[in-house]
K.L.:
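The structure that follows is given in the form of structure tokens.
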Amino acid sequence: MSNQEPGFATLAVHAGAQPDPATGARITPIYQTASYVFDDVDHAASLFGLQAFGNIYTRITNPTQAVLEERIAALEGGTAALATASGHAAQLLIMHAMMMPGDEFVASKKLYGGSINQFGHSFKSFGWNVLWAEGLEPADFDAAVTDKTKAIFIESLANPGGLVMDINGIAEVARKHKIPLIVDNTMASPYLCRPIEHGADIVVHSLTKFLGGHGNSMGGVIVDGGTFDWSRDGKYPILSEPRPEYNGIVLHETFGNFAFAIACRVLGLRDLGPAISPFNAFQILTGIETLPLRMQRHSDNALEVAKYLDAHEKVEWVSYAGLDNDPYHSLQQQYMPKGAGAVFTFGLKGGYEAGVAVVSNVEIFSHLANIGDTRSLIIHPASTTHKQLDAEQQAAAGAGPDVVRLSIGIEDVADIIGDLEQALAQIS
Ligand SMILES: *Cc1c(COP(=O)(O)O)cnc(C)c1O
């Protein structure tokens, strides 16, 4: 055996997994069980008291889920991970472990629409307030931080595509205010970008998208970077003060550089309950084995399609950081040089009518609200996801009447371009 650290593609296939000790099964089994037999009464007591690691009940841990968590922690370069039922569940558990009622966090305005709803409306019921940074520059985040701010939240490659955030610069702002930087890395995946290497403290994903990669299973994950000091100034009492339900254990003191992942599991997952199903964990694990191959193909295909559209007479503009003339191209070269991902938007000269026509005319593309499938996907936000907003709100969300969003799949790029060609040709 060589002493060399395994590379990314090797980790994507092997990290966390070994042949099943009971049967020799090479593939990680689907441990389809709700609970686990204790060795004896003392063993049970030590599990419940967090004195030993082990399985009690699948709401909190499951062996299929554990392999998934170890693999993603390895791919992101974190100390530990926690898989959840969906990306939104992961975001909920992150905030549940660090926020108290009345606390605030600062978020980018350029986020997945579902996150804007979750932060702006549902989180209010918990007493957690979001402050939106005015722009995308580090200084905009700095200006929004107050003494109640407990975290900064951004997407590495931001929805609806084409925007690359200055992770290092925003991490510096977080460090200055002694608060963690949370990065949603869903659109880039760890193959294109590893935010912890650029100063992120916590990484979150919707596994439903590129990590699972086949549009067949919901899931989410929290990765603990192990970089943040939760005990420094008493700002994070959930981690730095004794937990009454666990015999007075102080989570940060006991679990050190993976205490955040533990807190999300033994408090958030235990009490709020959004556990991933073992079947979905299995499907996503299988998907991750080909992540490097798929992500490269997604990005290479998307660049070709973006170039094609950029030169098309019926297209007004294309927003894709992989294009040389894109305003985010230099940030893309810095943070994700292997590619700019699968998802981007473009504008049609024919406006709303043309947008409706293109999504109706395509044959290979699927007209639906998702990203990160092997299949090419298309949506016209103004007539679907953003239909309820007025014109001004649509424009602010990057979902004006002319905007079409694509998630480019891994099919033959000539067929993808051919499909767009015939769909555009039908617009008068
Ligand atoms: C889809 C998505 C989410 C939410 O994840 P779900 O698995 O749908 O709950 C969060 N962030 C981004 C960037 C997404 O694309």
Side-chain angles (χ1 to χ4, degrees), residues 65 68 72 76 81-96 105 107-123 130 136 152-165 167 182-193 195 200 202-223 264 268-269 272-277 279-281 283-284 287-288 291 295 298 302 321 335-336 340-345 368-373 377-379 381 384-386 397-399 405-408:
Q65 173 192 3
L68 175 64
I72 295 172
E76 286 287 4
L82 173 67
T84 58
S86 68
H88 270 8
Q91 292 173 186
L92 172 64
L93 296 195
I94 288 172
M95 294 307 172
H96 181 259
F105 65 103
S108 166
K109 280 186 183 170
K110 292 289 182 190
L111 297 182
Y112 172 69
S115 299
I116 291 176
N117 277 331
Q118 186 189 42
F119 295 175
H121 301 292
S122 287
F123 278 4
V130 62
L136 303 179
I152 296 176
F153 187 103
I154 62 170
E155 291 177 2
S156 49
L157 181 58
N159 257 288
L163 301 174
V164 179
M165 299 293 286
I167 306 171
I182 306 162
V183 177
D184 180 340
N185 199 32
T186 299
M187 296 244 294
S189 90
Y191 175 73
L192 294 179
C193 178
I202 295 162
V203 170
V204 61
H205 280 276
S206 168
L207 299 177
T208 319
K209 314 294 170 51
F210 294 99
L211 283 158
H214 296 71
N216 60 14
S217 303
M218 299 293 301
V221 74
I222 300 161
V223 183
C264 292
L269 201 53
L272 302 174
I276 190 168
S277 85
F279 182 75
N280 282 16
Q283 294 275 64
I284 293 164
I288 289 174
L291 177 73
M295 242 19 239
H298 277 298
Y335 289 109
M336 41 197 81
V343 181
F344 67 95
T345 53
L368 54 74
N370 194 16
I371 57 170
D373 195 324
L377 313 175
I378 189 167
I379 197 159
T384 54
T385 50
H386 292 67
R405 187 187 75 188
L406 303 178
S407 175
I408 300 298

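One-based numbering, in listed order, for ligands and for the atoms of each.
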K.L.:
Which bit of Ile371 gets closer than 4.0 Å to ligand 1, counting heavy atoms only: side chain, backbone, both or neither?
P.N.:
side chain
K.L.:
For ligand 1, which atoms sit closer than 4.0 Å to a heavy atom of Thr208?
P.N.:
7 (O)
K.L.:
Within less than 4.0 angstrom of ligand 1, does Gly219 place any heavy atom?
P.N.:
yes
K.L.:
Report the nearest protein non-hydrogen atom to atom 15 (O) of ligand 1: residue, atom name, distance rounded to 0.1 Å.
P.N.:
Lys209 NZ, 2.7 Å
K.L.:
Looking only at protein heavy atoms, which one is nearest to atom 8 (O) of ligand 1, and how far off is it?
P.N.:
Met218 CE, 3.7 Å
K.L.:
Any non-hydrogen atom of Gln91 lying under 4.0 Å from ligand 1?
P.N.:
yes
K.L.:
Give me the atom names and distance for the closest heavy-atom approach of Gln65 to Ile276.
P.N.:
CG-CG2, 3.8 Å
K.L.:
To the nearest 0.1 Å, how far is atom 6 (P) of ligand 1 from its closest protein heavy atom, and which atom is that?
P.N.:
Gly87 N, 3.3 Å
K.L.:
Supply the atom-to-atom distance Ser108 OG to Ile116 CD1, rounded to the nearest 0.5 angstrom.
P.N.:
8.0 Å
K.L.:
How far is atom 9 (O) of ligand 1 from its nearest protein heavy atom, and which residue and atom is that?
P.N.:
His88 N, 2.9 Å
K.L.:
What distance separates Ile72 CD1 from Leu82 CG, expressed to the nearest 0.5 Å?
P.N.:
10.5 Å
K.L.:
Taking all non-hydrogen atoms of both residues, which atom of Met187 and which atom of Ile371 are closest, and how far apart?
P.N.:
SD-CD1, 3.5 Å
K.L.:
Report the nearest protein non-hydrogen atom to atom 12 (C) of ligand 1: residue, atom name, distance rounded to 0.1 Å.
P.N.:
Asp184 OD2, 3.4 Å
